[in-house]
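Since we're looking at a predicted model, the values are computed, not measured.
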Amino acid sequence: MRSSTSRHSDILVVGGGIIGLACAYYLAREGRSVRIAEKETMGAGAAHGNCGLLFVSDLPPLCVPGAIRHELIRTLKGTSPLYIKPRPDLSLLVWLLRFATHCNRIHRDHAMRARDSLLRASREFFDALVAEERLECDFDHRGVLIAFIDPVSLDGYASINRLLEPFGLGARRLDRQAVRRLEPALGDDVCGGWHHPADSHLRPEWLMRSWSQAAKKRGVAIEENCSVTHIDTQKGRVQAVGTSRGRFTADHIILAAGAWTTAMALSLGIRLPIQPGKGYSITMARPASYPGLPLYLYERNMVVTPWKSGYRLGGTMEFSGFDTTLNARRLDNLERSAALYLKTPVGRPVVERWTGLRPMCADDLPIIDRVPHLKNLYIATGHGMLGISTAPATGRLMADMVAGRKPLVDPAPFSIQRFSGLR
């Protein structure tokens, strides 16, 4: 993609993932000149290989009451998708302690309301975006089916569903026979399921490609293979951003580089409570018997996504720092887990084995805010596993903030100032 001849723009967005693209797109729609600086290629990070669920019913945060005890038990049983690589890492220890302090009902209820505001707005924006820009991304709105192989877990999900019902996002419970009528690709060990009709799915790398083209048509200049080397500040403002492709200036700068935002913020004296959460996926041809609906395999915390164009298994949560090497054992476990639920769990050939880093915030809510001590610097990161699901609303919220108008979504739950001692 060609860069603009000017080194100055109204807005400079650092990061060409789904969140950076959304911010750039909605600001460009308002007639502002926008540049994206991406260290690799557009969508090369966490947006590329995830399972593409627009999971608007995923309201409870990871830090719910009992989450730590639950994962310890699953780790002992060998069924947990969580892995923490043993290493001396003070920042990870602090993050885990922060996470633990949020595992309570008060935060759970607060986070559910906040996540609902972003997810609900994004669902509406997505429908308009796909239609208006004619995005080619295998967009499908038939809900998500949560499948169970443990009757106790199937019954236990009723308590989660009760939390979702006041938001109008309750699921329909299906017994052993009903779940197979809805999804014949499920295996004999599946004892039931819950169907969430409000959810959708798409192919994320296709979304990034199509949406990036739409942004270019609206005037967004995209600088790929453009790594940030330093950020110059003076008198409470960012003066310039130095990159491997030269020095850029802008009236407003948005840091939206996913997990890598943390290092950039730290160079400015800002400590963000964000850790990279490593996920894996396998993309393949559709098997002979494949599901028609995207599936969330509950006991294994993984997703199976079918598209017209392919098929993907994805999941796991690994805290290994910024290590992006593929772990064959973790990938093989995706196929083994899928075999517990599906008649034909894998297809051939395999198109891609992938890993990527999600920006995981300690309270499982994103940070979408202006930095208090730098008047023209904004941060949009920490979306965890809801980056695609919340991208349009994040972009709109950021456009409202930059314009100084009343936002459509209440920004208070996503304030950077909710964390003490960040600077």
Side-chain angles (χ1 to χ4, degrees), residues 11 13-15 18-20 22-23 26-27 59-63 91 94-95 97-122 125 231 233 236-238 252-275 358-387 389-423:
I11 316 292
V13 179
V14 178
I18 192 70
I19 298 300
C23 293
Y26 284 105
L27 284 159
L59 297 188
L62 293 176
C63 40
S91 66
V94 172
W95 187 95
L97 291 173
R98 281 185 180 271
F99 179 90
T101 63
H102 287 98
C103 292
N104 59 72
R105 291 184 180 181
I106 293 175
H107 177 69
R108 179 199 65 192
D109 295 344
H110 164 73
M112 287 182 67
R113 292 189 296 270
R115 286 157 72 98
D116 179 64
S117 68
L118 274 184
L119 289 164
R120 193 176 297 272
S122 279
F125 296 153
I231 301 175
T233 63
R237 295 179 62 85
V238 173
H252 305 276
I253 291 86
I254 300 170
L255 300 185
W260 284 268
T261 307
T262 307
M264 298 177 195
L266 188 60
S267 71
L268 300 172
I270 306 163
R271 295 182 180 273
L272 300 180
I274 291 172
Q275 283 289 317
R358 318 173 186 104
M360 308 300 299
C361 199
D363 64 353
D364 207 14
L365 289 173
I367 298 170
I368 311 168
D369 199 5
R370 183 177 67 82
V371 175
H373 69 284
L374 293 169
K375 296 180 180 179
N376 64 336
L377 180 66
Y378 300 78
I379 290 178
T381 190
H383 293 72
M385 294 183 289
L386 291 179
S389 297
T390 57
T394 298
R396 284 288 299 268
L397 176 55
M398 187 57 68
D400 291 339
M401 287 182 172
V402 171
R405 59 176 174 258
K406 183 178 179 180
L408 292 175
V409 175
D410 180 10
F414 316 112
S415 170
I416 194 173
Q417 298 187 69
R418 70 186 190 266
F419 299 107
S420 60
L422 290 186
R423 183 167 184 246

K.L.:
For residues Leu266 and Arg271, determine if any side-chain heavy atom of one lies less than 4.5 Å from a side-chain heavy atom of the other.
P.N.:
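They are in side-chain contact.
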K.L.:
What pair of heavy atoms forms the shortest contact from Leu59 to Arg115, and how long is it?
P.N.:
O-NE, 2.8 Å
K.L.:
Could you tell me whether the side chain of Ser117 and the main chain of Val409 form a donor-acceptor pair under 3.5 Å?
P.N.:
no
K.L.:
Taking only residues two or more places apart in sequence, or in another chain, which ones meet Asp369 in a salt bridge (Lys or Arg N to Asp or Glu O under 4.0 Å)?
P.N.:
none
K.L.:
Within this structure, what is the CD-CZ distance for the pair Gln417 and Arg370, rounded to the nearest 0.5 Å?
P.N.:
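Answer rounded to 0.5 Å: 8.5 Å.
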K.L.:
If we ignore hydrogens and angles and just use 3.5 Å, is the side chain of Ser415 paired with the main-chain N or O of Ala412 as donor and acceptor?
P.N.:
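Judged by distance alone, no pair lies under 3.5 Å.
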K.L.:
Donor-acceptor check, side chain of Trp95 to backbone of Met360, threshold 3.5 angstrom: yes or no?
P.N.:
yes
K.L.:
Please give me the minimum heavy-atom distance between Pro359 and Gly258, naming the atom from each residue.
P.N.:
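Minimum heavy-atom contact is CB-C, 3.7 Å.
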K.L.:
Taking all non-hydrogen atoms of both residues into account, name the closest pair between Thr381 and Ile379 and its distance.
P.N.:
CG2-CG2, 3.8 Å
K.L.:
To the nearest 0.5 Å, what is the distance between CD1 (Ile19) and CG (Leu255)?
P.N.:
13.5 Å
K.L.:
Would you check, one step at a time, whether the test side chain to side chain contact (heavy atoms under 4.5 Å, CB included) holds for Ile274 with Thr261?
P.N.:
CA-CA 9 Å; Ile274 291 172; Thr261 307; 6.0 Å; no
K.L.:
Given side chains that start at C-beta, do those of Thr233 and Leu268 come closer than 4.5 Å, heavy atoms only?
P.N.:
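SC-SC contact between Thr233 and Leu268 confirmed.
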K.L.:
Just distance, no hydrogens or angles: give the donor-acceptor pairs under 3.5 Å from side chains in residues 393-401, sequence neighbours left out.
P.N.:
from, atom 1, to, atom 2, distance (Å)
Thr394, OG1, His383, NE2, 3.0
Thr394, OG1, Thr390, O, 2.9
Asp400, OD1, Arg405, NE, 2.6
Asp400, OD1, Arg405, NH2, 3.0
Asp400, OD2, Leu408, N, 3.1

K.L.:
Per the side chain to side chain contact (heavy atoms under 4.5 Å, CB included) rule, which among Leu27, Val14, Leu377 passes with Ile254?
P.N.:
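Of the listed options, the one satisfying the test is Leu27.
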K.L.:
Please examine the side chains of Cys361 and Ile367, heavy atoms only from C-beta on, and report whether any two atoms are closer than 4.5 Å.
P.N.:
yes
K.L.:
What pairs with Asp109 under side chain to side chain contact (heavy atoms under 4.5 Å, CB included), at least two apart in sequence or on another chain?
P.N.:
Arg113
K.L.:
Measuring only between side-chain heavy atoms, which start at C-beta, is Arg98 closer than 4.5 Å to Phe419?
P.N.:
yes
K.L.:
Counting N and O atoms only, with roles assigned by atom type, does the side chain of Asp364 sit under 3.5 Å from a partner on the main chain of Cys63, one being a donor and the other an acceptor?
P.N.:
no
K.L.:
Do you know which two heavy atoms are closest between Pro413 and Ala114, and how far apart they sit?
P.N.:
CB-CB, 3.5 Å
K.L.:
Which residues pass the side chain to side chain contact (heavy atoms under 4.5 Å, CB included) test with Arg108, not counting sequence neighbours?
P.N.:
Pro61, Val64, Pro65, Arg105, Met112, Leu163
K.L.:
I'd like to know if the side chain of His107 reaches the main chain of Asp363, judged simply by a donor and an acceptor atom lying under 3.5 Å from each other, with no hydrogens or angles considered.
P.N.:
yes
K.L.:
Kindly indicate whether the side chain of Ile253, heavy atoms from C-beta on, has any atom under 4.5 Å from the side chain of Val13.
P.N.:
no
K.L.:
Name all residues meeting the side-chain hydrogen bond (donor to acceptor under 3.5 Å, both in side chains) criterion together with Asn376; count only those two or more places apart in sequence or in a different chain, and write none if there are none.
P.N.:
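None.
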K.L.:
Side chains of Pro372 and Ile416, heavy atoms from C-beta outward: is any pair under 4.5 Å?
P.N.:
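When only atoms from C-beta onward are counted, Ile416 and Pro372 do touch, with a gap below 4.5 Å.
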K.L.:
How many angstroms lie between CD1 in Ile18 and SG in Cys23, if you round to the nearest 0.5 Å?
P.N.:
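Reported value, rounded in 0.5 Å steps: 10.5 Å.
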K.L.:
Decide side chain to side chain contact (heavy atoms under 4.5 Å, CB included) for Tyr378 and Ile368; before the verdict, give the C-alpha distance in whole Å, the side-chain angles of both, and the deciding distance to 0.1 Å.
P.N.:
CA-CA 7 Å; Tyr378 300 78; Ile368 311 168; over 6 Å; no
K.L.:
Nearest heavy-atom pair of Ala259 and Thr262: which atoms, and what distance?
P.N.:
O-OG1, 3.3 Å
K.L.:
Can you list everything that forms a salt bridge (Lys or Arg N to Asp or Glu O under 4.0 Å) with Arg358? Sequence neighbours excluded, please.
P.N.:
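Arg358 satisfies salt bridge (Lys or Arg N to Asp or Glu O under 4.0 Å) with no residue once adjacent residues are dropped.
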K.L.:
Name the orientation class of the two ring planes belonging to Phe125 and Tyr26 (parallel below 30°, tilted from 30 to 60°, perpendicular beyond 60°).
P.N.:
tilted
